[in-house]
Amino acid sequence: MELTFILAFIGLCAVSAFRPPWAFALVLLMFPLEQAMQAHCPMLRVGLGSQLVNYAVALTSILACVRVFFKGNGFVNSMNTAMVATIALYVWSAITLVWSPGRVTGFDIIGSALPYFFLIIVIAPLLISDVDELGQSLRVMLWIALPLGVIFIVSPEFTSLYGRIGIEVGIGKRSNPLAIGELGGTLLLIGATLRKGLLPVAGSVIRTVAVIVGAIVAIKAGSRGQFFIAIFIAVAFIPVSAPLRNLSAFLSALIGISVVIGAASVLLSTQLEGLAAKRFSADSMLYGESSVLGRASNLFVLAAACLQSPLAIFIGLGYNAFSTLSEGVGEPYSHILFADALFELGIPGAILMSMIVWTGCRSMYQLLRFHAHNPLERAVLATASALLVSQILLVNKQGSLWGTPVLFPLLVVMVRIKLNEANSYFNQPETREW
């Protein structure tokens, strides 16, 4: 079994090195893929082996970037507003360590996260330049995430602790259930919204299975936020993926929404027991660990600390300042990325974050309008948009800047595709308005 997993992973990396959209999918699914490999390959749990999957994905992505470069104009519009603002945001966060009370641990966090920054923030957006490549990447994500989801559900290596599945990766150390839960939400969203581009009949079956498997994975990971956000976003974006222009489209959307809501309801009533059921209870979600009120409290703690210093209002408390506040003991960050950008990084951080989100979301909307009459491209963009919106919500529930959330490459890719398409039509008489 171990050899099978290793050979499959090597084969996937080898193909992805020559297909940039595949490499992009690998980057976005790197952390759950790493856990699946570690579960079945013990040598990947300790020492240098614990980073081998990440190194392999990084090398694959670099080779794919080289291929993009030699295509000619492969990196055009890569340094767009969203990309420049994202890099500036990270640089500014490092600068704020100069006055941050959490500078010591902050330096350690940034030092260990730098390789991921270059892979996820800098390299990954170079791998996608148009809607077709984006569609290829989403389909590959589906084909990778679906077997991964099944592995997380059926593999005896993944055991439940406090209502969250994972594996032991060291003495007293377990894998991150958030990565598993995020894969579940991603799989659910792709299954619900990628309504074109798969096999006509089998595609519907595969997407339905993806929705069910994704929901089960999110539940077993104890990932309440990923589960409910994915359900909400899926229902909202199914009509975007397949516009309700006739009775057939209406019935298709109705069936899709029914599958998502029906599967969620049935699975919540059958898959929850013990501590897992307690995690999904209303009291726990409102008042318990990692609850809504807990996140709101973190927000108020940061705001109060910032208001105590007139200078901090302008330049922020400094990156990682939350971990030094008495109320932040036990939590290394506030889990609310937008709050960190405003209160830890000050006005420059808030402006840069606003620029990134605004330009990315605006490009997303323009692309959806531009491709509204092409069913395949509309479905691809609706799926990517659903993932993007879900990420915006997730980073304000569990996000940290140097946790390098995939929100940023998704936003940058949206801007890049929009600029590439606008440029390609610029000198044509039939150009449509953006």
Side-chain angles (χ1 to χ4, degrees), residues 2-69 74-75 78 83 86 90 111-129 133-134 136-149 151-152 166-167 169 175-176 178-184 186-187 190 384 387 391 402-410 412-413:
E2 181 176 346
L3 181 60
T4 300
F5 273 86
I6 292 174
L7 290 177
F9 178 67
I10 291 174
L12 182 59
C13 289
V15 175
S16 300
F18 294 93
R19 298 189 178 185
W22 289 46
F24 185 75
L26 269 185
V27 173
L28 296 194
L29 297 177
M30 178 172 61
F31 296 120
L33 181 59
E34 178 186 37
Q35 290 193 36
M37 291 294 296
Q38 289 176 336
H40 298 88
C41 306
M43 67 176 184
L44 298 178
R45 300 182 190 179
V46 294
L48 181 62
S50 63
Q51 299 295 321
L52 277 180
V53 171
N54 297 336
Y55 287 138
V57 172
L59 177 60
T60 299
S61 301
I62 291 171
L63 292 174
C65 264
V66 173
R67 182 172 176 79
V68 171
F69 176 77
F75 295 159
S78 58
M83 174 64 94
T86 299
Y90 277 85
S112 61
L114 267 177
Y116 298 101
F117 164 77
F118 285 108
L119 174 60
I120 298 173
I121 305 299
V122 178
I123 295 176
L126 300 175
L127 301 171
I128 302 293
S129 61
E133 291 180 347
L134 182 61
Q136 292 179 48
S137 183
L138 291 173
R139 288 187 285 274
V140 171
M141 286 180 68
L142 174 61
W143 294 120
I144 297 175
L146 187 52
L148 284 181
I151 289 171
F152 291 143
I167 59 171
V169 292
S175 59
N176 185 358
L178 291 177
I180 299 177
E182 194 164 332
L183 177 127
T186 297
L187 186 55
I190 294 177
L387 292 175
Q391 281 294 319
W402 283 93
T404 53
V406 298
L407 168 66
F408 294 114
L410 287 175
V412 172
V413 162

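The figures here come from the full heavy-atom set of this structure, side chains too, leaving out hydrogens, waters and symmetry mates.
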| message | Exactly one of I180, L187, L33 should register a side chain to side chain contact (heavy atoms under 4.5 Å, CB included) with L148. Which one does? | response | L33

| S50/Q38 under side-chain contact (heavy atoms from CB on, under 4.5 Å): CA gap, chis, key distance, verdict | CA-CA 8 Å; S50 63; Q38 289 176 336; 4.3 Å; yes

Are [X] and [Y] packed together at the side-chain level, in the sense that at least one heavy-atom pair is separated by less than 4.5 angstrom?
| X | Y | result |
| --- | --- | --- |
| F152 | L183 | yes |
| L138 | L142 | no |
| L119 | M30 | yes |

Has the side chain of [X] got a donor or acceptor atom that lies under 3.5 Å from a matching backbone atom of [Y]?
| X | Y | answer |
| --- | --- | --- |
| T186 | E182 | yes |
| S175 | I167 | yes |
| E2 | C41 | no |

For [X] against [Y], the heavy-atom pair lying closest together:
| X | Y | value |
| --- | --- | --- |
| Q35 | N176 | NE2-O, 2.8 Å |
| E133 | L127 | OE1-O, 3.7 Å |
| I120 | P405 | CG2-O, 4.4 Å |
| V53 | M37 | CG2-CB, 3.9 Å |

| said: If the condition is ring-ring contact (aromatic ring centres under 6.0 Å, His included), which residues does F69 pass it with, not counting sequence neighbours? | reply: F75

[atom1]/[X] to [atom2]/[Y] distance, rounded to the nearest 0.5 angstrom?
| X | Y | atom1 | atom2 | answer |
| --- | --- | --- | --- | --- |
| I123 | C65 | CD1 | SG | 5.5 Å |
| L28 | L387 | CG | CG | 8.5 Å |
| F117 | S112 | CZ | OG | 14.0 Å |
| Y90 | L114 | OH | CG | 10.5 Å |
| H40 | I151 | NE2 | CD1 | 6.0 Å |

Which pairs of donor and acceptor atoms, one on a side chain in residues 3-27, lie under 3.5 Å apart (sequence neighbours left out)?
from	atom 1	to	atom 2	distance (Å)
S16	OG	L12	O	2.7

| query | Is there any salt bridge (Lys or Arg N to Asp or Glu O under 4.0 Å) pair reaching into residues 24-41, and which pairs are they, with sequence neighbours excluded? | reply | none

| request: Please identify each residue that fulfils side chain to side chain donor-acceptor pair (under 3.5 Å) with Q51, with sequence neighbours left out. | output: N54, Y116

| said: Among residues at least two apart in sequence or on other chains, which ones pass side chain to side chain donor-acceptor pair (under 3.5 Å) with S137? | reply: none

| For R45, what residues pass the salt bridge (charged side-chain N to carboxylate O under 4.0 Å, His left out) criterion, not counting sequence neighbours? | E157

